Amino acid sequence: MTRKVRFLMITLSQRLATLANYIPAGSLVADIGTDHGYLPVYLVLTGRAPRVIAADLRPGPLAAARATLQRYRTADSIQLRLGNGLRVLQPGEADVIVIAGMGGGTIRDILQDSPVVAAAARRLILQPMADEPELRQYLINHGWTIADETLLLEDDRLYLVIVAEPGQEDIKDPLLLEVGPRLWEKKHPLLREHLQRLLAKYDKVGRGLTQSSQPAARAKADLIKEKMAALEKLAAALEIGG
């Protein structure tokens, strides 16, 4: 039997490499919102995943992914699917599901829209671009535990990766949902940067709200001040702890 040899190797961005590192070897993977298909190609070329389903909602990115597959000769191991979220999957087709580069609310909606497919996976690797507390709350309310979290800084943008696995977890402190329970537990090296950026974001929002004459906006500004005070306490505790 003639062995097929692939001569090209793909180089991932730091963000995509971080996602890949959380995928156990031998996993059947679904990459939802695959864009150019770089992650699936890397997984196949390195032998980390024998088969990958690469899906996207729009024909344009899927065409770009098809070109990537052809360039790296991986079309035999990667199946492209056009469709919305997890609707492209049958339960059990993927034991690891990657959803990256979307808002946390969008990721939550994708999981909520196909709960049976999501529940059949043994790991979710999520990379939300916003609304992280809402996503964490959804996960712990729907039979997932946050197994790990990490931060990475790339092109001056701070990215969060959440790894969720089936299980029960109860996080009563809303501030931990904001900051990240695993990030706080392991005192992630980028946690200070994370807290500073959260404070800067809320400061900007709060200043905008205080300029409003509407009572509801003023009340929201007061809540943001309280949240900022709590975040500042965490940041101070982090400094003391070293």
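The residues of the chain are indexed from 1 along the displayed sequence. Keep in mind the model is a prediction, meaning the values are calculated, not measured.
- Open room surrounds NZ on K204; 12 or fewer heavy atoms of other groups in view lie less than 6.0 Å from it.
- Within the 4.5 Å cutoff, side-chain heavy atoms of I23 are placed close to those of L43.
- In the hydrophobic clustering of ILVMFWY residues, with side-chain heavy atoms under 4.5 Å counting as a link, W144 and I140 come out together.
- The backbone N or O of Q90 lies less than 3.5 Å from a partner atom in the side chain of E93, making a donor-acceptor pair.
- Annotation: cation-pi pair K187/W184 present, NZ/CZ under 6.0 Å from the ring centroid and within 45° of its normal.
- Between atom CG of residue D155 and atom CZ of residue R15 there is a gap of 10.5 Å, rounded to the nearest 0.5 Å.
- Minimum heavy-atom separation, L89 to A30: CD1-CB, 3.7 Å.
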Determine, step by step, whether L198 and K201 satisfy the side-chain contact (heavy atoms from CB on, under 4.5 Å) criterion, reporting the C-alpha distance in whole Å, the side-chain angles of both residues, the deciding distance to 0.1 Å, and the verdict. CA-CA 5 Å; L198 282 175; K201 178 185 78 171; 4.1 Å; yes
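- Shown here is R58, whose CZ atom has no more than 12 heavy atoms of other residues, nucleotides or ligands within 6.0 Å.
- Using a 4.5 Å cut-off on side-chain heavy atoms (C-beta onward), V52 and Q79 make no contact.
- Expressed to the nearest 0.5 Å, how far CD of E134 lies from CG of L139 amounts to 12.0 Å.
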Hey, mind stepping through D222 and K220 against salt bridge (Lys or Arg N to Asp or Glu O under 4.0 Å) and telling me if it holds? CA-CA 5 Å; D222 290 339; K220 190 172 181 180; over 6 Å; no
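- Considering all non-hydrogen atoms of both residues, L234 and L175 come closest at CD1-CD2, 3.4 Å.
- Between the side chain of E149 and the backbone N or O of L183 there is at least one donor-acceptor pair closer than 3.5 Å.
- Taking 4.0 Å as the cut-off between side-chain N and carboxylate O, R81 and D56 do not count as a salt-bridged pair.
- Between Y42 and L16 the shortest side-chain heavy-atom distance does not fall below 4.5 Å.
- Between D170 and K172, at least one side-chain N (NZ, or NE/NH1/NH2) sits under 4.0 Å from a carboxylate O, which counts as a salt bridge.
- Atom-to-atom distance recorded for D109:CG and S114:OG is 11.0 Å, nearest 0.5 angstrom.
- Within the 4.5 Å cutoff, no side-chain heavy atoms of I171 are placed close to those of R136.
- In this structure, N21 CG and R48 CZ are separated by 6.0 Å, a value rounded to the nearest 0.5 Å.
- No side-chain heavy atom of H188 sits under 4.5 Å from any side-chain heavy atom of H194.
- Applying the side-chain hydrogen bond (donor to acceptor under 3.5 Å, both in side chains) test between S27 and each of R123, R51, R122 identifies R122 as the sole match.
- R197 CZ: more than 12 foreign heavy atoms inside a 6.0 Å radius.
- Side-chain atoms of T210 come within 3.5 Å of backbone N or O of R207 as a donor-acceptor pair.
- Both V179 and L199 are part of a single hydrophobic cluster, where members link through side-chain heavy atoms under 4.5 Å apart.
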Can you check side-chain contact (heavy atoms from CB on, under 4.5 Å) on L86 and L111, steps first, answer last? CA-CA 7 Å; L86 301 184; L111 297 172; 4.1 Å; yes
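- Checked options D148, T150, T145; the residue passing with V163 is D148 (criterion: side-chain contact (heavy atoms from CB on, under 4.5 Å)).
- Side chains of L124 and I99 form no contact here, defined as non-hydrogen atoms less than 4.5 Å apart.
- Here the straight-line distance linking atom CD of E185 with atom CZ of R182 works out to 4.0 Å at 0.5 Å rounding.
- Cluster membership check: I110 does not share its hydrophobic cluster with L57, using side-chain heavy-atom separations under 4.5 Å among Ile, Leu, Val, Met, Phe, Trp and Tyr.
- Between I162 and L135 there is a side-chain heavy-atom pair separated by less than 4.5 Å.
- Judged by distance alone, the side chain of S212 and the main-chain N or O of G208 form no donor-acceptor pair under 3.5 Å.
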Would you tabulate the side-chain donor-acceptor contacts of residues 33-41 under 3.5 Å, counting partners in other chains and residues two or more places apart, or write 'none'?
{"unit_1": "T34", "atom_1": "OG1", "unit_2": "D31", "atom_2": "OD2", "d": "2.8"}

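- Residues V96 and V116 fall into different hydrophobic clusters, defined by Ile, Leu, Val, Met, Phe, Trp and Tyr side chains chained together at heavy-atom separations under 4.5 Å.
- The side-chain heavy atoms of M102 and M129, taken from C-beta on, include no pair separated by under 4.5 Å.
- Taking all atoms of both residues into account, the shortest heavy-atom contact from P50 to L28 is CG-CD2, 3.9 Å.
- In the hydrophobic cluster analysis, where Ile, Leu, Val, Met, Phe, Trp and Tyr join through side-chain heavy atoms closer than 4.5 angstrom, L126 is grouped together with L176.
- For Q127 and Y22, the side-chain atoms include no donor-acceptor pair closer than 3.5 Å.
- Looking only at distances, a side-chain donor or acceptor of E169 sits under 3.5 Å from a matching main-chain atom of I146.
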